[in-house]
2 protein chains.
Amino acid sequence: MNYQIELRHFIYFLAVAEELHYRKAAEKLFISQPGLSTQIKQMEEILQTQLFVRDKKKVSLTPAGEFLKGEVEFILNHLEQTQKQLKLIGDGHSGEIRIGFLGSAMQNVVPKLLLDMKKKYPLVHTSLEELSNKAQISAIFRDKLDLGFVRLARVPKGLKIKPVFEDTFSLVLPKDYPLDEKGFKGIHQVSQDDFILFSQDYSPLYYDTVMSICEDGGFTPNVSHKSVHAQTIFKLVENNLGIAIIPTALQYGFQMEVKFIELKKIKQRAILSAVWKEDNRNPALQNCIDLLLKE
Amino acid sequence: MNYQIELRHFIYFLAVAEELHYRKAAEKLFISQPGLSTQIKQMEEILQTQLFVRDKKKVSLTPAGEFLKGEVEFILNHLEQTQKQLKLIGDGHSGEIRIGFLGSAMQNVVPKLLLDMKKKYPLVHTSLEELSNKAQISAIFRDKLDLGFVRLARVPKGLKIKPVFEDTFSLVLPKDYPLDEKGFKGIHQVSQDDFILFSQDYSPLYYDTVMSICEDGGFTPNVSHKSVHAQTIFKLVENNLGIAIIPTALQYGFQMEVKFIELKKIKQRAILSAVWKEDNRNPALQNCIDLLLKE
DNA sequence: TTTTTGTAATATTTAATAAGTATGAATTAT
DNA sequence: ATAATTCATACTTATTAAATATTACAAAAA
């Protein structure tokens with residue numbers, strides 16, 4: 001008596017509305033004609049609206065039926081589309097990946113990944129956010145980020161980390177500094193200068209690495225300024241407030257009056273790593289990581 | 001084995017997606033928990049997509065499930081509306097338009113529209129609901145509302161927005177405040193007062209506009225209270241807890257012991273806009289919009 | 001530790017109901 | 001007339017949703 005309308009009703013209705021003929025519609029649906037009759041009748045009862053006029057020898061739609069036909073076509077199409085879309089998302093071919101990164105990852109790793117993703121999974125959207133190491137780790141834990149690009153040696157339990165880019169370090173010097181690529185023999189030559197570094201808090205690994213570079217050169221650097229922005233560091237160097245050591249990749253993309261000397265002979269490397277949560281449920285993420293690590 | 005998805009599945013799914021708890025969802029649906037479990041499982045099989053993660057002790061949605069939740073909300077709302085429309089058409093009327101509005105739209109725009117509609121389309125029913133900007137946008141997206149009246153500068157993709165009423169702002173002052181229309185020279189005269197505003201969350205555009213009015217007056221307002229109801233704001237002003245700036249139209253329709261000074265010389269205007277979904281399928285809506293925009 | 005509590009998943013049975021068969025009534029065509 | 005075609009009704013069968021009872025597992029409490 002008090003049934004609920006179901007999609008089956010809509011499918012049957014549409015067949016009758018198209019054929020305007022119960023037997024033919026029933027054949028198309030591979031059910032018996034009486035079954036179809038009762039279902040349509042039931043449907044009219046549930047909706048409390050007459051949908052067809054059975055006018056002795058021919059069936060036709062009422063205005064309400066005409067309206068419903070349009071709606072049912074829309075609903076069934078929309079449903080089909082939804083199912084397709086759903087399957088894609090479930091298989092990781094669609095959806096969204098939220099990526100966090102350090103500014104320095106924007107020089108090569110991240111853009112390359114975005115291009116590869118777009119090529120292989122054009123339906124996957126990405127959202128990008130520049131964040132500190134710490135903020136990325138925390139965001140990944142809270143499931144606010146799927147993938148991060150950090151400079152860290154290790155990460156808390158539950159997260160996975162893989163190096164994705166290894167870079168040399170470079171000295172950043174003011175344009176008029178009395179030393180150039182040719183004259184450069186070793187890091188000890190700048191031991192008397194003030195140093196401008198990324199703050200320890202922002203990237204402990206970077207900080208420790210730079211310290212060890214200087215130690216290997218036989219001195220402890222005099223750190224005059226700390227910053228979290230490459231832009232700021234360059235600006236300070238430009239204004240003769242000190243010199244810096246940065247991952248080489250960072251020298252591209254800024255318009256600055258400074259010069260660089262790449263520290264090729266030094267063993268330390270600036271390592272950028274990808275981080276993600278082991279049990280992340282985003283199906284698109286695995287595809288993304290596979291793409292990132294495949295080479 | 002090879003079943004077909006049914007609306008029942010969607011209704012069950014939505015309950016679980018909302019409660020994230022099988023037993024509670026089952027109770028809400030007045031069915032048994034095992035029945036619900038099997039139906040959801042069947043649904044996942046039919047769709048060939050995992051929708052929930054049952055993580056021993058807690059249930060959560062997969063990205064695919066998250067996507068489906070939004071779609072199901074839309075589909076079920078649309079269906080409900082379709083049934084209502086169908087019944088009206090079957091009964092010889094011609095449909096229903098569901099309108100949402102901010103309280104301030106009730107002073108002129110909405111009543112006028114209702115009168116015009118009644119005159120031109122007497123068989124079209126309207127349902128009205130007072131909602132915040134945000135709630136209207138969300139309801140329009142989920143097909144719970146056909147037309148909204150908001151104060152927003154822009155709306156998400158897929159929605160259309162058109163200004164329909166431009167209003168000045170007015171100062172709201174306590175009855176005994178030592179300033180009146182004659183003595184009023186500019187907004188700077190009230191720069192020392194506390195301000196009571198509609199909350200930023202409720203109407204960001206209003207908030208920003210009031211801020212810019214004060215900035216133009218050379219000060220940053222000291223906001224002491226925020227509210228979402230004009231009634232409350234007037235009450236607070238009446239009790240000398242501060243002064244307010246509101247769209248002028250709001251001053252009508254309330255019985256309050258406050259006085260108003262219209263800020264005629266100020267360039268900012270309170271703009272009320274109509275919003276609707278581009279691909280809304282309600283046939284009565286287009287007529288309504290035409291009527292609304294024709295002047 | 002063991003017990004209790006709260007959770008979802010199985011197994012089995014029962015009840016609801018969609019769909020089938022057979023048939024009838026009404027209409028048109030021959 | 002008679003036959004053929006249409007949809008509706010009565011009744012039966014087969015399918016399947018949903019209920020009951022139970023299990024399995026984990027977390028919280030004793």
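Labels below follow one simple rule: chain letters A, B, ... track the order of the sequence lines, proteins then strands, and each chain is numbered from 1.
We find that CD of B:Gln4 is positioned 11 Å from P of C:dA19, with the value rounded to whole Å. At whole-Å resolution of the value, CD1 in A:Ile11 and C1' in C:dA19 are 15 Å apart. Straight-line distance from the NE2 atom of A:His9 to the P atom of C:dT17: 11 Å, rounded to whole Å. Going from atom CD1 of B:Ile40 over to atom C1' of C:dT7 covers 16 Å, rounded to whole Å. One can place CG of A:Leu29 at 9 Å from P of C:dA19, the figure rounded to the nearest angstrom. In this structure, B:Lys41 places its NZ atom 15 Å from P of C:dA8, rounding to the nearest Å. We find that CD of A:Glu6 is positioned 9 Å from P of C:dA18, with the value rounded to whole Å. Following rounding to the nearest Å, A:Ile5 (CD1) and C:dA18 (P) show an atom-to-atom distance of 11 Å.
Residue A:Tyr12 is in sugar-phosphate contact alone, with no base atom involved, counting any heavy-atom pair closer than 4.0 Å across all strands shown. At a threshold of 4.0 angstrom between heavy atoms, the contacts of B:Phe52 with the nucleic acid are absent.
Not one N or O on the side chain of B:Arg142 forms a donor-acceptor pair closer than 3.5 Å with the backbone of B:Ile75.
Listed by chain and residue number, B:Asp143, B:Asp146, B:Lys277, B:Asn282, B:Leu285 satisfy the side-chain contact (heavy atoms from CB on, under 4.5 Å) test with B:Asn280 (two or more places apart in sequence, or in another chain).
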Distance-only donor-acceptor hits, side chain of residues 85-97 of chain A, under 3.5 Å, sequence neighbours excluded:
none

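Pairing each heavy atom of B:Ile140 with each of B:Gly148, the nearest pair is CD1-N, 3.8 Å.
Remark: B:Ser32 is not in phosphate contact with D:dA18, judged by side-chain N or O atoms under 4.0 Å from OP1 or OP2.
Considering only heavy atoms from C-beta on, A:Phe13 stays 4.5 Å or farther from A:Val16 through its side chain.
Using a 4.0 Å cut-off between charged nitrogen and carboxylate oxygen, B:Lys84 and A:Glu71 do not count as a salt-bridge pair.
Looking at residues 20-28 of chain A, you'll see A:His21, A:Tyr22, A:Arg23 sit with a heavy atom under 4.0 Å from some atom of DNA chain D.
You'll find that the side chain of B:Arg8 is closest to D:dA17, out of C:dA9, D:dA17, C:dA18. Of the candidates D:dA18, C:dG20, C:dT10, the closest approach to any side-chain atom of A:Ile31 belongs to C:dG20. When distances are taken from the side chain of A:Val59 to each of D:dC7, C:dA19, D:dA21, the shortest belongs to D:dC7.
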Point to revise | Test side chain to side chain donor-acceptor pair (under 3.5 Å) applied to A:Asp290 and A:Gln286, step by step | key: CA-CA 6 Å; A:Asp290 291 348; A:Gln286 197 50 58; 3.1 Å; yes
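In the interface, the side chain of B:Gln33 is paired with the base of C:dA9 through a donor and an acceptor atom under 3.5 Å apart.
The nearest heavy atom of DNA chain D to B:Gln39 and to B:Pro34 marks one nucleotide each, and the one closer to the 5' end goes with B:Gln39.
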